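Position 1 is the first residue of the sequence, and the numbers go up from there. Just so it is clear, the model here is predicted, and its values are computed rather than measured. We use all heavy atoms of the structure for the numbers below, so side chains are in, but hydrogens, waters and symmetry mates are not.
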Amino acid sequence: MKRYLFIAAFSLTAAALHAQQNLNTPEDAVRYATGNLNGTARFRAMSGAFGALGGDMSAINVNPAGSAVFNYNTATISLTNYNISNKSDYFGTGTKDTDSSLELNQLGAVFVYNNTKENATIKKFAIAFNYENTDNLDNSLFSAGFNPNNSIDQYFLRYANGIGDEGGIYLSTLNNSYYEDLSFIDQQAFLGYNAYIFNPDVSSPDNTTYSSNVPAGPYYNENSITTRGYNGKVAFNFAMQIQDWLYLGANLNAHFTDYIKTSSLYEDYDNPTTGLEAVRFNNRRYTYGGGFSFNVGAIAKATESLRFGLAYESPTWYRLQDEITQNIVARYNGNNVVTDPGITFILDDYGLKTPGKYTGSLAYIFGGSGLISFDYSLKDYSQTKYTSSGYGSINSELENSLDTASEFRVGAEYRIKFLSLRGGYRYEQSPYKNGYTVGDLTGWSAGLGFAFNNSRVDLAYSYFERKSNAPLLTAGLTDSARINSSNNNVTLSYTLDL
């Protein structure tokens, strides 16, 4: 007989679980390998094309030599209003969801030390720190439609019948064990069994094979996903100007992440011949941790107007940890059957290495009236990998599915006395070989700057769009909704010469 769990939400227990290879996916790794264009309003208005320019707090994240371009001690603070609209298509049914947030996007300062000695080789050096929200992870997705072939049962049967060389779970284990004593694989089978999603092939306690109890399709699905959090970085920078034409710099970067993904997958059946009428599977995953990386870069003045930049950003070495909470609700023969263990599992931490990036830059300055700048970057996403044991198959999948991707950014600025007019465009290739799982990114931006005696106020608007797949579950029922995401962001910055 099946055991039903009606455990109150206040009954929370923490336990360790040793099954990370079954939880993380290639998509999780790609989330940390890719970033977004954030930073000061001036930086964003020019689409981040600052590799050969410097002189902006966010520019040091592209090329750390840029802090030596500053002439004065300077501090900048930036606020951003993020707005995202997601249009979903799931088997021909269209839905839409939106999300917005207001965040402290950037905060930093640079301190410049001029060398007053005549004929000095090192003209000045600069020390800076800069915090940036490198990727705002607040988002909301809603997908709905009829799946003609696949049901949620595929997810739970995958675990109940065993994965790879592992055999299926014993029926006696499903009937007599406690959820917290099971491995992650067996927990999934436990949830599906108690929700009447599958039945044993025979009633013997040593049975290890199971068959679906889900009625014939089509299957109506609704999938709601809400994410909250950010990837952040603090850069500690040192740079110098050598003679009148060369700038060199380096960053040491501390990374941190805080990410919560809450999902609710609903499925119901028009003809519940087996007694199972509907299922709702709820998941909450909290990921947190930190990492380290470094940057080096150079800017060279070919003439007073023409500048070149070259920069390298190292891989980021992360150490992450997950907390998992799950429950499931089934409608069976007119009754709600709730299986809620009320347990948050704290998993062992694990390592992740994201790829490095090379950036080449070119800028031309038209006296004091304006400039145009161009950046080109390369990143080999196939170098993304988990560094902990037990991830061999996922690392192979990352290597085989990801590719080297290029990015280019172009920006311009024109000054009219105290007013600056800015614009930019950027394009980023998909990190996937198929170009479809996550598509190419295109975006443009515009902005204004107002200079006062020793301060400046900047305003920027940036837009970008990208298509991607959103699978309903990480295994079994992996049919995806196609998401078209449009991002409209407004950034306000205040810069003060100290």
Side-chain angles (χ1 to χ4, degrees), residues 1-7 17-19 21-23 25 146-221 223 263 265-283 324 326-341 343 345 393 471-479:
M1 180 178 294
K2 301 183 180 183
R3 291 191 300 111
Y4 308 115
L5 298 181
F6 299 91
I7 301 179
L17 184 66
H18 304 275
Q21 67 271 22
N22 297 314
L23 301 183
T25 66
F146 287 91
N147 190 317
N149 301 312
N150 296 319
S151 165
I152 197 172
D153 64 347
Q154 299 303 304
Y155 174 84
F156 294 102
L157 283 169
R158 177 177 184 266
Y159 293 105
N161 287 321
I163 299 174
D165 295 332
E166 297 184 20
I169 186 172
Y170 285 107
L171 180 59
S172 59
T173 301
L174 289 175
N175 281 325
N176 301 313
S177 297
Y178 290 99
Y179 178 88
E180 59 267 28
D181 296 330
L182 300 173
S183 69
F184 176 78
I185 292 175
D186 291 345
Q187 286 173 351
Q188 307 315 293
F190 182 93
L191 292 171
Y193 179 63
N194 281 283
Y196 291 94
I197 292 174
F198 60 81
N199 290 318
D201 288 347
V202 295
S203 298
S204 171
D206 59 356
N207 173 78
T208 58
T209 59
Y210 302 88
S211 300
S212 176
N213 189 47
V214 169
Y219 310 100
Y220 177 73
N221 293 129
N223 192 34
S263 64
L265 175 58
Y266 173 79
E267 182 171 287
D268 69 22
Y269 316 102
D270 286 339
N271 187 22
T273 55
T274 65
L276 185 62
E277 302 168 24
V279 175
R280 183 175 294 277
F281 184 34
N282 300 309
N283 286 267
I324 307 292
Q326 297 179 301
N327 65 72
I328 192 167
V329 181
R331 183 77 174 170
Y332 185 77
N333 286 331
N335 298 311
N336 286 332
V337 181
V338 181
T339 306
D340 184 1
I343 294 173
F345 277 83
S393 60
L472 269 62
L473 291 170
T474 57
L477 182 57
T478 57
D479 294 317

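Atom CZ of F146 is separated from atom OH of Y220 by 6.5 Å, given to the nearest 0.5 angstrom. Put simply, CG on N283 and CG on L265 are 9.0 Å apart, with the number rounded to the nearest 0.5 Å. One distance of note links OG1 of T478 with CG of N150; it measures 7.5 Å at 0.5 Å rounding. With rounding to the nearest 0.5 Å, the separation of OH in Y159 from CG in L191 is 11.0 Å. Atom CG in N327 sits 12.0 Å away from atom CD1 in I343 (nearest 0.5 Å). Separation of atoms OG (S204) and CG (N207) is listed at 6.5 Å; rounding is to 0.5 Å.
Scored by the side-chain hydrogen bond (donor to acceptor under 3.5 Å, both in side chains) test, D181 finds no partners at all (sequence neighbours excluded). When the side-chain hydrogen bond (donor to acceptor under 3.5 Å, both in side chains) test is applied to Y266, the partners found at least two apart in sequence or on another chain are D268. Scanning for side-chain hydrogen bond (donor to acceptor under 3.5 Å, both in side chains) contacts around E277 gives an empty result, with sequence neighbours left out.
Closest approach of L276 to A195, counting heavy atoms only: CD1-O, 3.6 Å. Across all non-hydrogen atoms, the minimal contact from F198 to L174 is CE1-CD1, 4.2 Å. Residue L182 comes nearest to Q187 through the heavy atom pair O-NE2, 3.3 Å, listed as atom of the first residue, atom of the second, then distance.
For Y170, the OH atom sits in a loose shell: 12 or fewer heavy atoms of surrounding residues, nucleotides or ligands are nearer than 6.0 Å.
Counting heavy atoms from C-beta outward, Q326 and F345 have side chains that stay 4.5 Å or more apart. Looking at V329 and V337, their side chains never come closer than 4.5 Å, going by heavy atoms from C-beta outward. In this structure, P215 and N271 have side chains that are not in contact, with every pair of non-hydrogen atoms separated by 4.5 Å or more. Side-chain contact between L171 and P205 is absent, with no heavy-atom pair separated by less than 4.5 Å. A 4.5 Å side-chain heavy-atom check between N147 and P218 finds every atom pair outside the cut-off. You'll find the side chain of S151 reaches within 4.5 Å of the side chain of Y269, heavy atoms only. Taking 4.5 Å as the limit, every side-chain heavy atom of N282 sits out of range of all side-chain heavy atoms of I328. In this structure, L477 and D153 have side chains that are not in contact, with every pair of non-hydrogen atoms separated by 4.5 Å or more.
Between the N161 side chain and the Y210 main chain, a donor and an acceptor come within less than 3.5 Å of each other. Checked by atom type and distance alone, the side chain of N176 pairs as donor or acceptor with a backbone atom of S172 at under 3.5 Å. Between the side chain of N213 and the main chain of Y196, a donor-acceptor pair closer than 3.5 Å is present. A distance-only check finds no donor-acceptor pair linking the side chain of T209 to the backbone of D201 [under 3.5 Å].
In this structure, the ring of F281 has its center less than 6.0 angstrom from the ring center of Y155.
Side chain to side chain, N194 and T339 fail the donor-acceptor criterion of an N or O pair below 3.5 Å.
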So Q188 and Y193, side-chain hydrogen bond (donor to acceptor under 3.5 Å, both in side chains) or not? Walk me through it.
CA-CA 9 Å; Q188 307 315 293; Y193 179 63; over 6 Å; no
